[in-house]
Engineer: 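Input: one structure, supplied below.
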Amino acid sequence: MNTQHQYRSESALGQNPLSCRTLSTRRELYERDFPVYKQPVEVGCFSLDSERRFFNDSRQMRYYVEPDRNPNFNLRDGYRDRFIKRDDSVKERLDHILRWIVANKSKINPTGAAASPRALDVDFVTWRGHLTKLLTTPYETREGWLLAVTRFRGTLYISEVETEAARRERENRTERHEEMMYWGYKFEQYTCADNTHSLPDPGGVVNTNEAFCTVVQTRLADHRLLFSGEVDCRDKDPKAPAAPACYVELKTSAEICTPKQRSNFHRFKLLKWWAQSFLPGVPRVVAGFRDQEGVVVSMETFHISKISHLIKNEYNCWKPTVCMNFCCDFLSFVKRVVTEDSHRVVYLFSWDPYKDVTYSAHRDSQYCFLPHWYVEEMMR
Ligand code: A3P
Ligand code: MG
Ligand code: MG
């Protein structure tokens, strides 16, 4: 680590430089050169079926079928009678990723790694969605987060814990909100086929248990990362580039009618869309813009590499470098704090908007998240 970087990351620490117990999320502290972020490499994938069962293969992969320019998709169709919703009160933590690791250990342990004390040759294992939350933290003003971290055989595992506020919100969603959460999945059904030579089936059932997930490896500065993220579909052209470059992220958003709406779209939506897809190297987002009644009235493709140009004219807008530098410094902070190597110890990192990141340590607590089957497998 060079002196300059050392100085800059230290300046992001809390008020008392001797304690180093907190991490600031103030944007100004992270406005520096973009950190090294290596092109993510797909090292595998897995599928979750209609009953949320894990399969170490790509059976749930779907293929993007380009719709008409003015599609007229009714996103409300099927909400009452053709919708099976995943039970989001069930906390899966890192379990699916850990199952994938157990089934594919040889793919992430290059030869010779057996001599190293760590069981896995990466610094961090987590979900892409957790990293997305970290990237957007310097700009988040509404929702805080709780991240549980365990060091086990040298690798740091990061798993989200639902905050009290998030639980209350989940348990008290309005009927309108519940229905609107369905719309995004319905849009996927209108635009995805199950194989390269078939067409989408808008008459089928939408089942949100089903998922196809990519597993990628990359490096952010000196942090070697292994994470997984759900992928909506891929380019159906067999000549398309290899994964993750062939993947397509699908999104819906309210149609944009005023300059204020366009500005909000740039400031808030594009930040989330950029962070989610940039991390795993998914190059494009296909967006369906819908009216108040849930009818998709237009489509637009956003290239992730061009989003930073699109937002350049917004006053005081978000910056990719702030997102990446904050994430990088948070991971450095975690490495410094999480020193005890034990599956029985969890360090809980907590953040609320306008506050610093703080942490607490917990032994043999409700927060432990590495399952016994995983611990035993990795000790063999
Ligand atoms: P939209 O993306 O069209 O909003 P993803 O886009 O990440 O593939 O997620 C698919 C859909 O899940 C979303 O479609 C949305 O309908 C729903 N969804 C995902 N995260 C959500 C959240 N935090 N709150 C509400 N709905 C969510
Ligand atoms: Mg998705
Ligand atoms: Mg999507």
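Indexing begins at 1, ligand by ligand and atom by atom, following the structure's order.
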Engineer: Quick one: do D49 and R59 make a salt bridge, cutoff under 4.0 Å?
Structural biologist: no
Engineer: Among protein heavy atoms, which sits nearest to atom 18 (N) of ligand 1, and what does the distance come to when rounded to 0.1 Å?
Structural biologist: Y185 OH, 4.3 Å
Engineer: Considering the heavy atoms of E249, write down every atom of ligand 1 situated less than 4.0 Å from one of them.
Structural biologist: 5 (P), 6 (O), 7 (O), 8 (O)
Engineer: In plain terms, say whether K272 and E140 are close enough for a salt bridge, that is, a side-chain N and a carboxylate O under 4.0 Å apart.
Structural biologist: yes
Engineer: Among all protein heavy atoms, pick the one closest to atom 13 (C) of ligand 1 and tell me residue, atom and distance.
Structural biologist: G184 CA, 4.1 Å
Engineer: Given K251, which partner from the list E300, E188, Q276 fulfils the side chain to side chain donor-acceptor pair (under 3.5 Å) test?
Structural biologist: Q276
Engineer: May I ask you to say whether R62 pairs ionically with E230, meaning some side-chain N is under 4.0 Å from a carboxylate O?
Structural biologist: no
Engineer: Could you tell me whether E164 and R167 have a side-chain N and a carboxylate O separated by less than 4.0 Å?
Structural biologist: yes
Engineer: Under 4.0 Å from a heavy atom of K251: which atoms of ligand 1 are those, numbered in the order shown and with their elements?
Structural biologist: 2 (O), 3 (O), 5 (P), 6 (O), 7 (O)
Engineer: Tell me the nearest of K269, M181, K272 to atom 27 (C) of ligand 1, using heavy-atom distances.
Structural biologist: M181
Engineer: Taking only Lys NZ, Arg NE, NH1 and NH2, and the carboxylate oxygens of Asp or Glu, determine whether R82 and D77 approach each other closer than 4.0 Å.
Structural biologist: yes
Engineer: Does T208 come within less than 4.0 angstrom of ligand 1, counting non-hydrogen atoms of the residue?
Structural biologist: no
Engineer: Under 4.0 Å and counting heavy atoms only, is there anything from the protein next to atom 22 (C) of ligand 1?
Structural biologist: no
Engineer: Could you tell me which atoms of ligand 1, counted from 1 in the order shown, lie closer than 4.0 angstrom to a heavy atom of D232?
Structural biologist: 8 (O)
Engineer: Tell me, please: is W183 in heavy-atom contact with ligand 1, that is, under 4.0 Å?
Structural biologist: no
Engineer: Please find out if the Mg ion (ligand 3) and some N, O or S atom of D232 are separated by less than 2.8 Å.
Structural biologist: yes
Engineer: Report the atom name of the nearest N/O/S atom of E230 relative to the Mg ion (ligand 2).
Structural biologist: OE1
Engineer: Nearest to atom 7 (O) of ligand 1, what protein heavy atom do you find, and at what distance?
Structural biologist: Q276 NE2, 3.0 Å
Engineer: Is it true that D235 and R284 have a side-chain N and a carboxylate O under 4.0 angstrom from each other?
Structural biologist: yes
Engineer: To 10 degrees, how wide is the angle OE2 (E249) to the Mg ion (ligand 3) to O (L250)?
Structural biologist: 90°
Engineer: Can K186 be said to sit on top of Y190's aromatic six-ring, NZ or CZ under 6.0 Å from centre and within 45° of the ring axis?
Structural biologist: yes
Engineer: Look only at interatomic distance and state if H177 has a nitrogen or oxygen under 3.5 Å from any nitrogen or oxygen of ligand 1.
Structural biologist: no
Engineer: I'd like to know if D123 and R224 make a salt bridge, using a cut-off of under 4.0 Å between side-chain N and carboxylate O.
Structural biologist: yes
Engineer: Can you pull out the closest protein heavy atom to atom 9 (O) of ligand 1? Residue, atom name and distance to 0.1 Å, please.
Structural biologist: E188 OE2, 4.5 Å
Engineer: Identify, by atom number and element, the atoms of ligand 1 in contact range of T252, meaning under 4.0 Å from any of its heavy atoms.
Structural biologist: 1 (P), 3 (O), 4 (O)
Engineer: Mark up the atoms of ligand 1 that fall under 4.0 Å of a heavy atom belonging to L250, in ascending order.
Structural biologist: 2 (O), 6 (O)
Engineer: Which heavy atom of P71 sits nearest to which heavy atom of V296, and what is that distance?
Structural biologist: CG-CG1, 3.8 Å
Engineer: So that I can tick it off, tell me whether R27 and E31 are bridged by a salt bridge, with the cut-off set at under 4.0 angstrom between side-chain N and carboxylate O.
Structural biologist: no
